[in-house]
Amino acid sequence: MRRPVVFLAVSVLLSAASAASARPTPSPAAPLLAKEAKGKAAAPKLPPPATLDKKVKLSPDGLKFGMTLAEVSKFYEKVLDDEFAPLYKRVEPGPRMNELDAELADKKQLILRNKLEFGSLPSGLDDTPLGGEYSYNNGEFKSEIKLRSGITRHFFFIGDRLWKVIDVHKLGKKSKLGEDFDGAKAGLVKQLGKEPRALSADPSQGRKVDFVDWQDKEMIIRLMDFGGSQAAVGYIDRKIEEGIDKFRPNKGPAQKEVDRDVADVTRGPTPPTPKR
């Protein structure tokens, strides 16, 4: 009478052992993968920039988002003519005027000559405050020009359409922007009539620097702390900024070295061209 009982107990134990062996064994890396997945969880949704009651225009009058590099260069030929006009009034024909002619002609070529493409190779800007303002392999490039006011103006393009302008200012007692970042912020608050949204630097979210910003229906205005007695004011096409992912299908940093033939074969999808 005891044998069936013993047989039943053994059968139960064997069934339990078989079921246990059928279960997948947890991988030693599972806790690490879970932690990594948790770290990649979606960032909390941020509040939007402070919304302005009035529209802000790009300066000088006539500069617009959607312009091509050639159009921006042509536009600044007239800007530079106006900037040099007072200088010409103070000199007589001769060596000094010839120097002005050469300087003006050279400056008129700078926007075309300073074109920097964000293709497959590093740009050299990744570790600067401008490092978060572009992506690689998405048809993006920038140019710049230093104005006689001391401001360096950076132009950013996607698909040869201007979508962002960043003016880098030196701060100090003689600066029109302000003596320091807080002073620059106070000046813009007074000018725009509203307190801004404030965000701290967070490289994991693409923010290289601390900044405050505002927005109207078409533009984002961003004051950025570049450190080292420098601040920048950015003017950004809101429509492009809010839909930036569709213009940047290719993700990741530039390659350290890419052969041109290999780049042609491995080039990702072509991003859409922003509409004017």
Next item on the list: Report, as yes or no, whether the 6.0 Å neighbourhood of atom NZ on Lys107 holds more than 12 heavy atoms from other residues, nucleotides or ligands.
Entry: yes
Notebook entry, point to check: Does a side-chain heavy-atom distance below 4.5 Å link His169 with Asp167?
Noted result: yes
Check: Is Ile151 linked to Phe84 within one hydrophobic cluster, defined over Ile, Leu, Val, Met, Phe, Trp and Tyr using a side-chain heavy-atom separation of less than 4.5 Å?
Finding: no
Item checked: Rounded distance (nearest 0.5 Å) linking atom CG of Asp180 with atom CG of Leu171 -> 7.0 Å
Next item on the list: May I ask you to test the Val91-Glu99 pair for a side-chain heavy-atom distance under 4.5 Å?
Entry: no
Item checked: Pairing of Arg148 and Glu103 as salt bridge, 4.0 angstrom limit -> yes
Notebook entry, point to check: With a 4.5 Å limit on heavy-atom distance, are the side chains of Leu87 and Leu104 in contact?
Noted result: no
Next item on the list: Quick one: pull up CD1 in Ile244 and CD1 in Ile158 and give me the separation to the nearest 0.5 Å.
Entry: 4.0 Å
Checklist line | side-chain contact (heavy atoms from CB on, under 4.5 Å) between Leu63 and Val79, worked out | finding: CA-CA 10 Å; Leu63 183 66; Val79 173; over 6 Å; no
Notebook entry, point to check: Is the backbone of Leu192 close enough, under 3.5 Å, to the side chain of Trp214 for a donor and an acceptor to pair up by distance?
Noted result: no
Margin query: With a 3.5 Å distance limit and no angle check, can you tell me whether Asp225 reaches the backbone of Phe211 through a side-chain donor-acceptor pair?
Written below: no
Margin query: I'd like to know if the side chain of Arg238 reaches the main chain of Glu218, judged simply by a donor and an acceptor atom lying under 3.5 Å from each other, with no hydrogens or angles considered.
Written below: no
Note to self: Taking atom CG as the centre, does Asp127 end up with more than 12 heavy-atom neighbours from other residues, nucleotides or ligands that are less than 6.0 angstrom away?
What the structure shows: no
Next item on the list: Can you measure from OH (Tyr235) to CD1 (Ile166) and round to the nearest 0.5 angstrom?
Entry: 11.0 Å
Checklist line | Salt-bridge criterion met for Asp106 and Arg113 (N-O under 4.0 Å) | finding: yes
Item checked: Exercise: identify the closest heavy-atom pair between Met224 and Phe181 -> C-CE1, 3.5 Å
Note to self: Check Asp216 with Lys57, please: is the shortest side-chain N to carboxylate O separation under 4.0 Å?
What the structure shows: no
Item checked: side-chain contact (heavy atoms from CB on, under 4.5 Å) evaluation trace for Tyr136 with Asp126 -> CA-CA 11 Å; Tyr136 288 101; Asp126 294 351; 2.7 Å; yes
Margin query: If you define the side chain from C-beta out and look only at heavy atoms, does anything of Ile111 sit under 4.5 Å from Phe75?
Written below: no
Next item on the list: Check Ile221, Leu223, Leu188, Val212 against Pro196 for a side chain to side chain contact (heavy atoms under 4.5 Å, CB included) and give me the one that passes.
Entry: Val212
Margin query: Once rounded to the nearest 0.5 Å, what's the spacing between atom CD1 of Ile240 and atom CZ of Arg161?
Written below: 11.0 Å
Next item on the list: Find out whether Asp101 and Tyr88 are in side-chain contact, i.e. whether some heavy atom of one side chain is under 4.5 Å from a heavy atom of the other.
Entry: yes
Margin query: When you measure from the side chain of Lys208 to the backbone of Phe226, do you find a donor-acceptor pair of N or O atoms at a distance under 3.5 Å?
Written below: no
Note to self: Tell me whether Lys194 at atom NZ has more than 12 heavy atoms from other residues, nucleotides or ligands lying less than 6.0 Å away.
What the structure shows: yes
Notebook entry, point to check: Got a second to check how far Ile236's CD1 is from Lys164's NZ, nearest 0.5 Å?
Noted result: 5.5 Å
Next item on the list: Verify, without hydrogens or angle tests, whether Tyr134 (side chain) and Phe157 (backbone) share a donor-acceptor contact under 3.5 angstrom.
Entry: no
Notebook entry, point to check: Can you tell me if Ser175 uses its side chain to pair, donor with acceptor, with the backbone of Lys170 under 3.5 Å?
Noted result: yes
Next item on the list: For residues Ala231 and Leu177, report the shortest heavy-atom separation together with the two atoms involved.
Entry: CB-CD2, 4.1 Å
Next item on the list: Decide side-chain contact (heavy atoms from CB on, under 4.5 Å) for Lys142 and Phe118; before the verdict, give the C-alpha distance in whole Å, the side-chain angles of both, and the deciding distance to 0.1 Å.
Entry: CA-CA 8 Å; Lys142 72 173 285 292; Phe118 302 114; 3.7 Å; yes
Note to self: Between Thr68 and Asp160 (side chain of the first, backbone of the second, donor and acceptor by atom type, cut-off under 3.5 Å), is there such a pair?
What the structure shows: no
Check: Is any side-chain heavy atom of Arg197 closer than 4.5 Å to a side-chain heavy atom of Leu46?
Finding: yes
Item checked: Donor-acceptor pair, side chain of Asp245 and main chain of Gly243, under 3.5 angstrom -> no
Notebook entry, point to check: Is the count of non-hydrogen atoms from other residues, nucleotides or ligands lying under 6.0 Å from Lys251 atom NZ greater than 12?
Noted result: yes
Next item on the list: Decide yes or no for Glu241 and Gln215: does some side-chain heavy atom of the first lie under 4.5 Å from some side-chain heavy atom of the second?
Entry: no
Notebook entry, point to check: Same hydrophobic cluster for Leu58 and Val233, using side-chain heavy-atom links shorter than 4.5 Å among ILVMFWY?
Noted result: yes
Item checked: Between CD on residue Gln230 and OG1 on residue Thr152, distance to nearest 0.5 Å -> 8.0 Å
Notebook entry, point to check: Does any N or O in the side chain of Asn250 come within less than 3.5 Å of the main-chain N or O of Asn137, such that one atom is a donor and the other an acceptor?
Noted result: yes
Check: Between Glu92 and Arg96, does at least one N-O distance fall below 4.0 Å, as a salt bridge requires?
Finding: no
Checklist line | Candidates Glu71, Arg153, Glu83 - the one meeting side chain to side chain donor-acceptor pair (under 3.5 Å) with Tyr76 | finding: Arg153
Next item on the list: Output yes when Arg248 and Glu140 qualify as a salt bridge under the 4.0 Å nitrogen-oxygen rule, no when they do not.
Entry: yes
